[in-house]
Amino acid sequence: MSIDFKAEIERLKQALDVTVVAHYYQRDEVFEMADITGDSLELARRCKADNNPWVVFCGVGFMGQSVKVIAPEKRVLMPKIACCAMARMIDGSYFDDSVDYMVKHGIDKENILPITYINSDATVKAKVGEMGGYVCTSSNAFKIIEKGLETGKKILFVPDRCLGQNFAIQMGLKSCVIGEGECDPKEADVICFNGFCSVHQLFTVDDIEFYRNKYPGIKIAVHPECDPKVVQAADFSGSTSQLIKYVNELDPEQKVAIGTEYNLVNRMRQKNTYVLSSTKPECPTMNETTLEDLYNTLKSIEDGKPMNEIHVDAHTVKYANLALERMLAIK
Ligand code: 13P
Ligand code: SF4
């Protein structure tokens, strides 16, 4: 007999002290089962405030890990421990190499203020925390960089070169990317690691021109993980929640093309909403989690054999927590 996964998930949620969390990029059928949804910052804040001892997180690895770091007493399970491709681009040794690069170019280590995008492993966040730095998300990067600049130090921004450059442009700061052309840390305010999101690189200025030619007056809204040329050509850029708010506040007759992950755009899609790409912009790792995986994870709690539990060692929790809490303290 086949299992009715939706009905079983509802039953398990009633029976267990568990909160199901999902990022906007999850498949619709998984997303619909969640108690908490949001962008990365909202998910971190709301999970920390939640009272249930169990969290089942439908998203990518760094998201579940971040919950474990800010609320170590919680038991955090992930139906799939899928790793965000951008987060995988940097580890502790690449982080150290970036610090060394700046030191070799005449910036003392104590004059470097690292900021890591939340899309990074907890070990990278811990190194950032140890150096007095911050985590940021796409919704608060402006405020966090502003806060970092108050120290008078050079900002080392990892791992997303696009996010780092986009906010530097918005703030009128000079930026450069390590390994891309001349990058002299003495000449720049924000020195970026050379990471990126392959999904958001799919959106191009040509796509923007295509839509503007086809539908004069159309608005273009993109995520700040897109290339700086795309963000500069767009009408709006923001985190997933900020994109939803922007689109919801438009006149229903206003056409808008959106540059972010397909599942979210498709969910927002009404008659005047378009995907800003000819290629389906799916995040492979976000799409790994299925309804069956969610059911199996909840069932594993009921059976007393929790699966895919997130563990982070005490040293990493201590220092990664510093970087995350510094971020959460900024309203
Ligand atoms: P948000 O914080 O905007 O939800 O972004 C998460 C992400 O991974 C975007 O690719
Ligand atoms: Fe990571 Fe890009 Fe997927 Fe976001 S869309 S989770 S940055 S790979």
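We're numbering straight along the sequence, starting at 1. Atoms within a ligand are numbered from 1 in the order they appear, just like the ligands themselves.
Here atom 2 (Fe) of ligand 2 has protein N, O or S atoms under 2.8 Å from it, and they come to 1.
Residue contacts with ligand 1 for N119 involve side-chain atoms from C-beta outward but no N, CA, C or O (heavy atoms, distance under 4.0 Å). Here T137 has no heavy atoms under 4.0 Å from ligand 1, in either its backbone or its side chain. When non-hydrogen atoms are compared, ligand 1 lies under 4.0 Å from the side chain of Y25 (C-beta onward) but not from its backbone. Under 4.0 angstrom from ligand 1, the non-hydrogen atoms of H223 all belong to its side chain. Under 4.0 angstrom from ligand 1, there are no non-hydrogen atoms of E261.
Those atoms of ligand 1 with a heavy atom of D39 less than 4.0 angstrom away are 1 (P), 2 (O), 4 (O). Of all atoms in ligand 1, numbered sequentially from 1 with element shown, those under 4.0 Å from a heavy atom of S138 are 1 (P), 2 (O), 3 (O). The contact set between ligand 2 and Y25, taken as ligand atoms under 4.0 Å from a residue heavy atom, comprises 4 (Fe), 5 (S). Close contacts between ligand 1 and S239 involve ligand atoms 3 (O) [criterion: under 4.0 Å to a heavy atom].
No heavy atom of M286 sits closer than 4.0 Å to any atom of ligand 1.
Between C176 and C183, the sulfur-to-sulfur (SG-SG) separation falls under 2.5 Å.
Judged by the 6.0 Å distance and 45° axis criteria, K127 is not positioned over the aromatic ring of F95.
The existence of a salt bridge linking E8 and R11 is confirmed by a sub-4.0 Å separation between a basic side-chain nitrogen and an acidic carboxylate oxygen. The pair E253-K271 meets the salt-bridge criterion, since a charged nitrogen lies less than 4.0 angstrom from a carboxylate oxygen. For the pair K48 and E325, the salt-bridge criterion is met [side-chain N within less than 4.0 Å of a carboxylate O]. We find that K143 and E146 are not joined by a salt bridge, their nearest charged nitrogen and carboxylate oxygen being 4.0 Å or further apart.
Of the protein's non-hydrogen atoms, the one nearest atom 9 (C) of ligand 1 is E225 OE2, 3.0 Å. Scanning all protein heavy atoms for the shortest distance to atom 6 (C) of ligand 1 gives S40 OG, 3.4 Å.
Rounded to the nearest 0.5 angstrom, Y117 OH and C84 SG are separated by 8.0 Å.
Between Y211 and Y215, the ring planes lie parallel to each other; the angle is under 30°, not in the 30° to 60° tilted range.
For ligand 1, the polar-atom distance check against T240 finds a nitrogen or oxygen pair separated by under 3.5 Å.
Side-chain atoms of E42 come within 3.5 Å of backbone atoms of D39 as a donor-acceptor pair (strictly under, hydrogens ignored). Distance alone, capped at 3.5 Å, is enough to place a donor-acceptor pair between the D207 side chain and the T204 backbone.
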| task | Walk me through it: do F167 and F157 pass the test ring-ring contact (aromatic ring centres under 6.0 Å, His included)? | result | CA-CA 11 Å; F167 282 96; F157 193 93; 7.9 Å; no

| Audit row: T260, V199, side-chain contact (heavy atoms from CB on, under 4.5 Å) steps and yes/no | CA-CA 8 Å; T260 196; V199 181; over 6 Å; no

